[in-house]
Amino acid sequence: MKRNELGRKVGSATNAAEFLNAEKITRQSNSNLALAFIALGRERRRDITTFYAFCRLIDDIADDPQLEVAAKQRQLDQWRGAIRDRVTNEPAVADDVRTLMTKYRLAPAMFDEIISGVEMDLYTKRYATFEELRVYCYRVASAVGLVSIEIFGYRNPACREYAIQLGLALQMTNIIRDVGSDLEQGRIYLPQEDIARFDYSETDLMACTYNENFRTLMQFQAARAHECFRCANAALPREDRHSMQAAEIMRAIYQRLLELISMDHFRVFDKRYSVSRGKKIALVVQALLNFT
């Protein structure tokens, strides 16, 4: 199998095209993660871009309104095969993903976990408890973090707990922000036990009923996310703070996003919250200064 060493000159037109594909996917996603890449050196930035393209591609499979569930499942199964060896009609970036796995000694099981998380969106539209939701958050976010820190480089094994807690915090923030848009796809990520606890109902949620019960429900979710952010900060080993600059940029942006939503009393049915580009840049600069 021909492999290119990312970060050096690309040795073939095919691999060059694959990386450009990955870079394009990342750029077009307009993600906070892409902005955080600025903290990385050239080689690690190329590598995390390849990994992020993988994450983006499998996520897009689950969200594609043109595909039936069976077709989505086939494409995810194809990716399960492609992370182990070349398969017929595989995605363009698959070879670079395998190269990445070899370079950082990433086990296929780490990628399987992420695929399994995306797969949950094909079949699971409700979560009875937070413990059930935690499994989903771990797979689609914490598992991504665990792969990412291998690419960023770390020395203290305790950094793994940092990645797990930060992944939970980021995903819970996404869930809070996306309550309205998720409803449009028939998905409810707010745990059913929490909805009942605050005397709200799924009927209220489907009707986008905005009242004090809803605000209290969302304050509870925000407190959970804040606690995960706190745990992540406490778990980050001092000796790994510099190598986790990109992750810390993500933490700063998402904590700011959670603050914006909370200060505006969770008007998530009729607003799409985001941190302004100017504020993001300020947070990036601050994060970089904190680690110099």
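FYI, side chains are in, hydrogens and waters are out, and symmetry mates aren't considered; it's all heavy atoms of this structure.
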Phe266 and Val179, any side-chain heavy atoms less than 4.5 Å apart: no

Parallel, tilted or perpendicular: rings of Phe54 and Trp79 (30°, 60°): perpendicular

Residue pair Leu183 / Phe269, side-chain heavy-atom distance below 4.5 Å: yes

Arg272 atom CZ, over 12 foreign heavy atoms within 6.0 Å: yes

Glu239 versus Asn156, closest heavy-atom pair with distance: OE2-ND2, 2.9 Å

Stepwise side-chain contact (heavy atoms from CB on, under 4.5 Å) check, Ser116 with Arg80: CA-CA 10 Å; Ser116 293; Arg80 278 199 173 94; 3.1 Å; yes

Minimum side-chain heavy-atom gap Leu258-Met172 below 4.5 Å: no

Exceeds 12 heavy-atom contacts within 6.0 angstrom, atom CZ of Arg160: no

Any side-chain heavy-atom pair of Asn89 and Gln78 under 4.5 Å: yes

Asp204 side chain near Asn213 side chain, heavy-atom distance below 4.5 Å: no

Pairwise side-chain contact, Cys55 with Val147, heavy-atom cut-off 4.5 Å (strictly under): no

side-chain contact (heavy atoms from CB on, under 4.5 Å) evaluation trace for Phe229 with Leu166: CA-CA 6 Å; Phe229 278 122; Leu166 183 57; 4.0 Å; yes

4.5 Å side-chain heavy-atom contact, Met101 and Met110: no

side-chain contact (heavy atoms from CB on, under 4.5 Å) evaluation trace for Leu168 with Cys231: CA-CA 10 Å; Leu168 292 174; Cys231 289; over 6 Å; no

Sidechain N-carboxylate O distance under 4.0 Å for Lys72, Asp121: no

Same apolar cluster (I L V M F W Y, side chains within < 4.5 Å links), Leu67/Met120: no

Working for side-chain contact (heavy atoms from CB on, under 4.5 Å), residues Tyr52 and Val144: CA-CA 9 Å; Tyr52 181 69; Val144 172; over 6 Å; no

Test of ring centre spacing under 6.0 Å for Phe111 and Phe51: yes

hydrophobic_cluster_shared for Val87 and Leu76, side chain cutoff 4.5 Å: no

Side chain proximity check, Tyr138 to Leu146, heavy atoms < 4.5 angstrom: yes

Under-4.0 Å salt bridge between Arg98 and Asp95: yes

In one Ile/Leu/Val/Met/Phe/Trp/Tyr side-chain cluster, 4.5 Å: Ile175, Ile188: yes

